[in-house]
Amino acid sequence: MDKTKITQNLNELFKQRAKFYEFFDEKIAKIPNSDVFDFPKAKDLNAKEVYEHFYHFDYAMRKLLPAIFKAYEIDSNDLDKDF
C-alpha cells in the first residue's frame with residue numbers, strides 16, 4: 001500500500017472517529033467545565049446506533065492494519081490476540 005492510500009485510509013479513520021464522538025456529544029452531556037462524558041446522567045443509548053458508529057470506525061482502522069503490519073514487519077504471532 002502506498003503513502004497516498006495510507007493517507008486516505010488515515011483520513012477516513014479520523015473522520016469516522018470524529019463521527020463517533022459527535023454521536024456521543026449529541027447523546028451524552030458532559031460534566032460541567034470538563035470534556036468528560038457524564039455517563040451516569042446519560043439517556044439510554046440505542047445499541048444499534050452505537051454499534052453502527054463503532055463498526056464504521058473499526059472498519060476504517062482495520063483497513064490500515066495490513067500496511068502497518070507490513071511496514072513494521074509485524075507477524076500475527078507477535079500479537080497477544082486478545083482483541
Side-chain angles (χ1 to χ4, degrees):
M1 189 177 295
D2 66 2
K3 182 178 178 179
T4 301
K5 187 64 176 167
I6 290 172
T7 302
Q8 289 172 344
N9 287 344
L10 279 170
N11 286 331
E12 183 63 23
L13 175 67
F14 296 142
K15 179 177 130 187
Q16 293 303 327
R17 181 181 184 272
K19 285 183 178 182
F20 209 159
Y21 276 102
E22 286 174 16
F23 172 75
F24 279 160
D25 286 338
E26 289 173 8
K27 305 290 184 181
I28 306 168
K30 292 190 177 169
I31 296 172
N33 302 316
S34 78
D35 288 331
V36 178
F37 291 110
D38 194 349
F39 287 104
K41 291 184 180 177
K43 300 174 188 170
D44 289 335
L45 295 177
N46 179 310
K48 184 175 186 263
E49 282 184 285
V50 174
Y51 177 76
E52 287 172 356
H53 285 280
F54 171 77
Y55 177 82
H56 292 295
F57 175 70
D58 184 59
Y59 180 73
M61 183 179 69
R62 286 184 286 123
K63 283 176 58 177
L64 281 171
L65 292 179
I68 293 169
F69 288 4
K70 183 178 179 182
Y72 293 99
E73 299 177 356
I74 297 170
D75 184 89
S76 63
N77 294 324
D78 297 326
L79 303 173
D80 290 337
K81 298 181 184 177
D82 62 352
F83 48 90

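FYI, the numbering just counts along the sequence from 1.
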Give, for atom [atom1] of [X] and atom [atom2] of [Y], the distance between the pair rounded to the nearest 0.5 Å.
X   : Y   : atom1 : atom2 : answer
K70 : I6  : NZ    : CD1   : 9.0 Å
L45 : K27 : CG    : NZ    : 7.5 Å
N9  : Y59 : CG    : OH    : 9.0 Å
K19 : D25 : NZ    : CG    : 15.0 Å
K41 : I28 : NZ    : CD1   : 14.0 Å
K48 : Y55 : NZ    : OH    : 13.0 Å

- Query: Heavy-atom distance under 4.5 Å between the side chains of F23 and V50, does that happen here?
  - Reply: yes
- Any side-chain heavy atom of I74 within less than 4.5 Å of one from L65? no
- Query: Honestly curious: do F69 and M61 fall in one hydrophobic cluster under the side-chain, below-4.5 Å linking rule?
  - Reply: yes
- Would you kindly confirm whether F24 and V36 end up in one hydrophobic cluster when ILVMFWY residues are joined by side chain heavy atoms under 4.5 Å apart? no
- Message: Using a 6.0 Å cut-off, check whether atom OH of Y21 has over 12 heavy atoms from anything other than its own residue.
- Response: no
- Decide, yes or no, whether a salt bridge links K15 with E12 under the criterion of side-chain N to carboxylate O below 4.0 Å. yes
- Note on the structure: Of all heavy-atom pairs linking L64 and L13, the shortest is CD1-CD2, 3.8 Å
- Task: State whether the side chain of N11 and the backbone N or O of T7 hold a donor-acceptor pair below 3.5 Å, judged by distance alone.
- Result: yes
- Relative to each other, are the rings of F20 and H53 parallel, tilted or perpendicular (30° and 60° limits)? parallel
